[in-house]
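A quick write-up on the structure given underneath.
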Amino acid sequence: MKKISFLWTLFLIFFTSLTVSAQVEVQVLDLLYHQPVRGATVTIENSTLNFKATAQTDSTGRVRFENLASGNRFRVFTEAFAEFAEASVSGVNTTSQIILELPSRRESVLDEVVVSDRRTAQLNVKDAQVSYYVTKKEIQALPIEGRDITRSLYRLPNLTLATLGYAEAPNVSINGLNGTYTNYMIDGMDNNERFLGNMKFNTPVGFAEGITVLTNNYSVEYGNTSNGVINVTSRSGKNEFSGEIFYLTRPGSIIDSKSAFATLDLSGNQVKDGFQRHQLGVGLGGAIKPNKTFFYLNFEQTLDQKDNLLNVPALGVNETVRGKNSFSYVSGKIDQLWNGRFKTTLRLNVGSFDIDRQGGGLEGGVNFPSSASAQKNRTYLIALKNSYSIGAQITAETNYQHSYFRWNYRQPVNPNSASVTVQDPSGAAIAIIGQSGSIFDSKEFSHQLQQKFFYKSGKHSFKAGLEFMSSDFQLLGGGNPNGTYTVRLNESQLEALKNRNIGAALDVNDISADVAVIRYDVELRPTTFGAVQNVYNIYLEDTYEATNRLNLTFGLRYDYDNLSKGGGNKGDWNNIAPRAAFNLRVGERGVVRGGYGLFYDKIKYSAYSDALQFNSTSADYKKQLAELQRLGYLDPNADLDKITFPGNLRATTSGVTYLNGPGPDDLQGQRDRQFSNNLRILNPQGFKNPYSHQASLGYQYKPTDKTLFYVDFVHTATNDLYMIRNLNPASPFPNDDPENPKIRSVAEADATRPVPIRAGNVAVVNGETLRGIARNVFVTTAEGKARYWAANFVFHKLPENDKFGYRVNYALALVKSNTSSLNTRAQDSNNFEAEYTFDEQDRRHVLNAMIFYKPLPGLSITPAFLLQSGQPYTILADARIYGTSDLNGDSETFWPADYAPGERRHGQRLPWAKTLDLSARYVLSFGKTSMEISADVFNVLNTQNISGFNVTRGASNQIQYGDTFVTRSAAPPRQFQFGVRYFW
């Protein structure tokens with residue numbers, strides 16, 4: 001009987017092994033919290049069996065896959081979602097029980113995916129932030145010039161292509177404001193050059209996993225901006241070795257359509273005929289130790305070729321001058337998973353770019369190569385991030401970054417030479433030779449420390465943190481310490497110089513020693529000066545799950561910037577910023593969300609630096625300031641020693657022979673007697689931090705798993721923006737009647753100033769003649785304001801079976817302001833209210849439409865259409881009509897001319913702009929490796945747009961003279977870009 005029972009038992013075991021299929025149980029845990037992750041989509045696959053299945057984890061973070069073919073190995077993985085990055089385990093046996101730990105990608109949390117590798121569109125069921133995420137897949141699919149990832153951002157709501165205040169300025173505007181008010185980050189850490197506010201390191205496509213853009217009502221964790229945040233998430237290595245090698249070229253005029261107008265290179269500088277671009281690079285990623293230590297390395301190089309024309313008929317010169325640009329980017333990253341509760345990331349970014357100013361000009365010029373220079377920028381960022389859990393409910397980050405940025409704006413080829421402008425006998429300039437002139441060489445050394453805590457308890461999710469940022473600035477600026485000459489040739493000297501046939505090699509020693517010197521000046525203070533800026537931040541936030549459908553978020557942030565002291569004794573200590581939001585689920589497919597927040601900006605160092613550089617400690621200047629105090633134009637409590645500084649100043653002298661002018665040491669005695677048209681002071685009341693009130697209300701609806709519609713109504717009210725106030729202004733001189741225009745001479749205007757300027761550029765105060773003074777006494781003040789209203793409508797569909805998808809977003813928006821940059825001045829005697837009108841970035845309508853189409857395996861086609869209403873423009877006084885462009889005689893030069901009589905700032909509107917771009921990519925697969933061949937066509941229809949494109953303010957159509965409209969610039973014509981990429 002026992003034998004029968006034993007045999008029966010063996011039979012049951014054997015039968016069970018035949019009839020019960022293999023299974024795999026997976027538990028998904030948060031890597032840092034070590035807590036179960038509910039609702040995670042887990043996939044199990046075996047490519048050999050052509051098998052794939054997915055399921056979602058339950059409340060314990062578990063999922064079970066049954067009925068698997070026994071004796072096989074499977075790969076189990078999750079794709080990136082919410083705050084988690086992707087994770088995978090390979091070689092899983094059947095009947096296994098495995099744990100899949102999900103690393104955090106918290107720095108790129110959006111819960112609102114535009115185009116994602118996930119198979120469903122995602123609602124934001126967490127908070128009210130208005131934010132967007134551009135994935136690596138989308139960056140690679142869109143037509144983007146020069147692999148510059150920022151050129152994908154203007155296709156997002158609340159972002160537009162920017163008119164540039166200077167060539168290298170940020171190329172996108174958020175909420176209608178200048179891009180220098182944006183906070184730029186890499187992996188949640190600082191990436192701002194803090195002199196003006198651009199990016200330190202332009203992250204290339206090959207090192208970007210995605211881009212987060214926060215435009216309104218984001219968490220108190222993010223600040224140091226009154227506007228928006230652009231955060232690049234860098235790439236990390238995985239267990240599988242991967243990489244890419246690419247070559248990209250823009251052939252230029254060989255194939256591009258012709259245009260009468262210059263375009264911009266990637267740095268924002270104008271280029272025209274002869275321009276070509278070549279880019280190449282490599283990226284490699286993998287595991288140093290599987291599941292523990294990962295690396296990713298990236299190198300990208302851009303080389304531009306550009307031609308200028310040197311055309312001087314008086315000297316018989318007509319030559320092409322070739323220049324080049326070089327942009328080099330090196331990035332590396334190591335991720336170390338010490339254990340399930342501790343992760344360290346070390347990131348290095350090194351950037352170097354040189355921009356030639358080789359002489360000549362786009363249409364011809366008189367700058368000879370001896371006066372050439374180059375912009376040489378150097379930067380590096382070294383970041384160490386540590387993420388770890390403390391107990392079962394607290395996770396934390398301790399992060400440190402050291403960075404360096406050098407902005408050498410004009411490195412001359414002849415640094416030890418004098419600067420010389422050569423005139424013909426009539427006084428027309430025919431050659432600029434020698435040292436390139438003024439100097440601007442800024443260095444910034446920064447240290448950043450972050451400490452963050454995240455705590456989950458029941459229905460509460462807390463975050464708290466503090467941050468410290470210290471930047472040491474050093475600036476070498478001013479004129480040429482070797483002297484600057486203006487000389488005039490007589491007829492015989494001109495003829496002799498022409499007959500020597502020197503051509504483009506003309507230099508200062510080729511000019512006759514007995515030439516007439518018309519003017520000479522020299523920089524008196526060729527030294528470096530600077531300051532240390534310290535910024536402190538602290539914040540606390542709670543997201544409370546009031547019900548299973550309603551989330552409430554309350555946060556408080558505090559910011560302090562030591563530069564806010566300015567020339568006073570007290571900083572801006574009251575920067576307390578509350579923020580609140582709600583998120584309400586409506587049904588199973590809808591969300592209503594809204595919120596309000598207060599957001600404070602950092603102080604731009606240039607506001608402080610300019611007040612030092614363009615300042616003076618002249619005894620007479622201090623007496624002028626004392627008189628302005630007595631008259632009530634300057635704070636009577638101001639300490640004149642604190643608000644003045646021995647800045648850069650040029651001294652002039654007469655009776656100088658060519659190349660024998662006195663040096664800085666010889667003319668130091670003139671410093672206290674040198675008259676200046678403009679001088680500045682440090683604000684005795686300090687600098688306020690610009691701030692904004694942001695409010696939003698939105699609705700999201702998910703019609704199907706593949707589609708998402710949402711609308712957001714946003715309002716941003718920005719205050720305390722910087723502008724320039726004149727403490728010694730000429731009296732008001734309104735010019736409102738175009739039928740009866742008024743003209744006032746400089747002498748007449750000078751006589752109306754609080755401290756009148758008399759003949760000989762002197763002033764008389766208490767019977768004493770003052771000489772080392774200024775006509776205009778400027779102070780940076782926080783009186784600017786901007787108001788932005790927008791309604792954004794977005795509808796997007798993810799590709800169905802990887803074949804067809806699209807995204808359409810329409811913005812109805814309006815932005816008004818009374819300042820466009822740090823140096824804005826009122827047109828008429830500090831009347832800033834008259835300047836309040838449509839901002840230069842204003843468009844009323846912006847429509848973006850993108851289609852993602854894969855008609856054949858391996859082939860993807862992405863057309864992208866942009867329609868914009870026209871930007872405003874200003875009509876200025878035409879000197880050919882009035883005999884002068886300075887109608888009110890105040891000698892201020894922020895605008896090239898005064899407004900035309902009866903006109904106001906941005907009183908007219910340019911026509912609409914429309915652009916169709918196209919990207920086509922074909923991928924050939926060779927086992928585990930692939931090759932992609934790409935072609936991008938920009939402005940396919942070759943439309944001439946005179947609005948809605950990147951252009952510097954001074955070269956744009958937003959400045960016009962008199963009654964005749966002149967097209968001064970246009971968007972790029974049809975242009976082509978071709979590439980090949982090998983990846984695995």
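We're numbering straight along the sequence, starting at 1.
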Check: Above 12 or not: heavy atoms from other molecules or residues under 6.0 Å from CG of D514?
Finding: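 Atom CG in D514 is packed in, count exceeds 12.
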Next item on the list: Please work out which of the three classes, parallel, tilted or perpendicular, describes the rings of H402 and H447, given edges at 30° and 60°.
Entry: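 Rings of H447 and H402: parallel, as their planes differ by under 30°.
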Check: Parallel, tilted or perpendicular for F445 and Y404, by the 30°/60° rule?
Finding: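 It falls in the tilted class, 30° to 60°.
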Item checked: Cation-pi geometry met for R725 and Y633 (6.0 Å, 45°) ->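 No - R725 does not lie over the ring of Y633 by the 6.0 Å and 45° rule.
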Checklist line | Six-ring centre of Y181, K604 cation under 6.0 angstrom, axis tolerance 45° | finding: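 Flagged: K604 positioned over aromatic ring of Y181.
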Next item on the list: From the options R410, E523, R650, select the one residue that forms a side-chain hydrogen bond (donor to acceptor under 3.5 Å, both in side chains) with S438.
Entry: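 Passing option: R410.
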Checklist line | N224 (side chain) donor-acceptor with K602 (main chain) under 3.5 angstrom | finding: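 A pair under 3.5 Å: no.
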Item checked: Under 3.5 Å: donor-acceptor pair, side chain of D507, backbone of N509 ->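 Side chain of D507 to backbone of N509: no pair is present.
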Note to self: Are Y600 and Y560, when compared by the centres of their aromatic rings, separated by less than 6.0 Å?
What the structure shows: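 So the answer is no for these two rings.
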Margin query: Using ring centroids (six-membered ring only for Trp), state whether Y485 and Y658 fall under 6.0 Å.
Written below: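 Yes - the distance between ring centres of Y658 and Y485 falls below the 6.0 Å cut-off.
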Before accepting this row, confirm whether a basic side-chain N of the pair [X]/[Y] lies closer than 4.0 Å to the acidic partner's carboxylate O.
X	Y	value
K376	D354	yes
R904	E835	no
R775	D750	yes
D441	R406	yes

Check: Going through the checks in order, is the ring-ring contact (aromatic ring centres under 6.0 Å, His included) test met by F440 and F195?
Finding: CA-CA 12 Å; F440 179 93; F195 194 96; 5.2 Å; yes
Margin query: Between F529 and F645, is the ring-ring contact (aromatic ring centres under 6.0 Å, His included) condition met? List the steps.
Written below: CA-CA 10 Å; F529 59 89; F645 183 81; 5.5 Å; yes
Check: Given T718 and D601, is the side chain to side chain contact (heavy atoms under 4.5 Å, CB included) satisfied, shown in steps?
Finding: CA-CA 10 Å; T718 309; D601 213 326; over 6 Å; no
Next item on the list: Could you tell me whether the side chain of Q629 reaches within less than 4.5 Å of the side chain of D635, counting heavy atoms only?
Entry: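 SC-SC contact between D635 and Q629 ruled out.
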Notebook entry, point to check: Do D610 and F778 come within less than 4.5 Å of each other through their side chains, counting heavy atoms only?
Noted result: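 Side chain of D610 against side chain of F778, heavy atoms only: no contact under 4.5 Å found.
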Next item on the list: With sequence neighbours left out, write down each residue that passes side-chain contact (heavy atoms from CB on, under 4.5 Å) with Q670, or none if nothing qualifies.
Entry: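 side-chain contact (heavy atoms from CB on, under 4.5 Å) check on Q670 returns A651, T653, L667, Q674.
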Check: Of all heavy-atom pairs between S885 and A877, which one has the smallest distance, and what is that distance?
Finding: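 Closest heavy-atom pair between S885 and A877: CB-O, 4.0 Å.
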Next item on the list: Give the intermediate values and the outcome of side chain to side chain contact (heavy atoms under 4.5 Å, CB included) for residues Y691 and F599.
Entry: CA-CA 5 Å; Y691 70 95; F599 299 76; over 6 Å; no
